Amino acid sequence: MAKATIKSKTGTVITVEGTEAEVTSILSQFETAASVHKAKEVKKGHTQAQKEQRKRAGASDLVIALKEEGFFKKTKTLGEIAHAIEEKGFIYPTTTLSGVVLGLVQKRFIGRKKVDGKWVYGN
């Protein structure tokens, strides 16, 4: 009678007893299952990397890019920010941008002040 001991990834020890053909069959099934599991883990990591690459730029990312380009050296209105983002090929309504820009103001990434009753944004 043949006997084999298998230690799993979790630390579980499995002892298999039977004929040589039975033990060989069980060992090959265990190895196949382990290789399939490893292949799935590799594929899962690859698909997550692809999702990160395909991630579109959000409105806040676009406003941050404008700041890095020096767009806010002079103060700008929300309409001017929307227009600059449109020139880059992204269309966001000013109602959406107002919340995004306010969040960046609260994080102190950009500043704002009231001029002639209107909010303007800058460094």
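All values reported here derive from a predicted model rather than from experimental measurement.
By the 4.5 Å heavy-atom criterion applied to side chains, Arg112 and Val120 are not counted as neighbours. Using a 4.5 Å heavy-atom threshold, the side chains of Val23 and Thr19 count as separate. Between Trp119 and Leu78 there is no side-chain heavy-atom pair separated by less than 4.5 Å.
Residues Lys3 and Thr15 approach most closely at CE-CG2, 3.5 Å, considering heavy atoms. The two atoms that bring Ala82 and Thr94 nearest to each other are CB-CG2, 3.9 Å, heavy atoms only.
Remark: the backbone N or O of Glu80 is paired with a side-chain donor or acceptor of Thr77 at under 3.5 angstrom. Listed for the Thr96 side chain is no donor-acceptor partner under 3.5 Å among the backbone atoms of Tyr92. Judged purely by atom type and a 3.5 angstrom limit, Thr32 uses its side chain to pair as donor or acceptor with the backbone of Ser28.
Grouping the Ile, Leu, Val, Met, Phe, Trp and Tyr side chains by contacts below 4.5 angstrom, directly or via other members, places Leu62 apart from Leu102.
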side-chain contact (heavy atoms from CB on, under 4.5 Å) between Leu104 and Val63, worked out: CA-CA 9 Å; Leu104 293 173; Val63 174; 3.5 Å; yes
side-chain contact (heavy atoms from CB on, under 4.5 Å) evaluation trace for Thr5 with Val13: CA-CA 7 Å; Thr5 303; Val13 177; 3.4 Å; yes
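Ile81 contributes atom CD1, which lies 5.5 Å from atom CD1 of Ile110 (distance to the nearest 0.5 angstrom). In this structure, the separation between OH on Tyr121 and CZ on Phe71 is 12.5 Å, given to the nearest 0.5 Å. With rounding to the nearest 0.5 angstrom, the CG atom of Leu66 is 5.5 Å from the CD1 atom of Ile85.
By the 4.0 Å N-to-carboxylate-O rule, Lys88 lies close enough to Glu69 to be salt-bridged with it.
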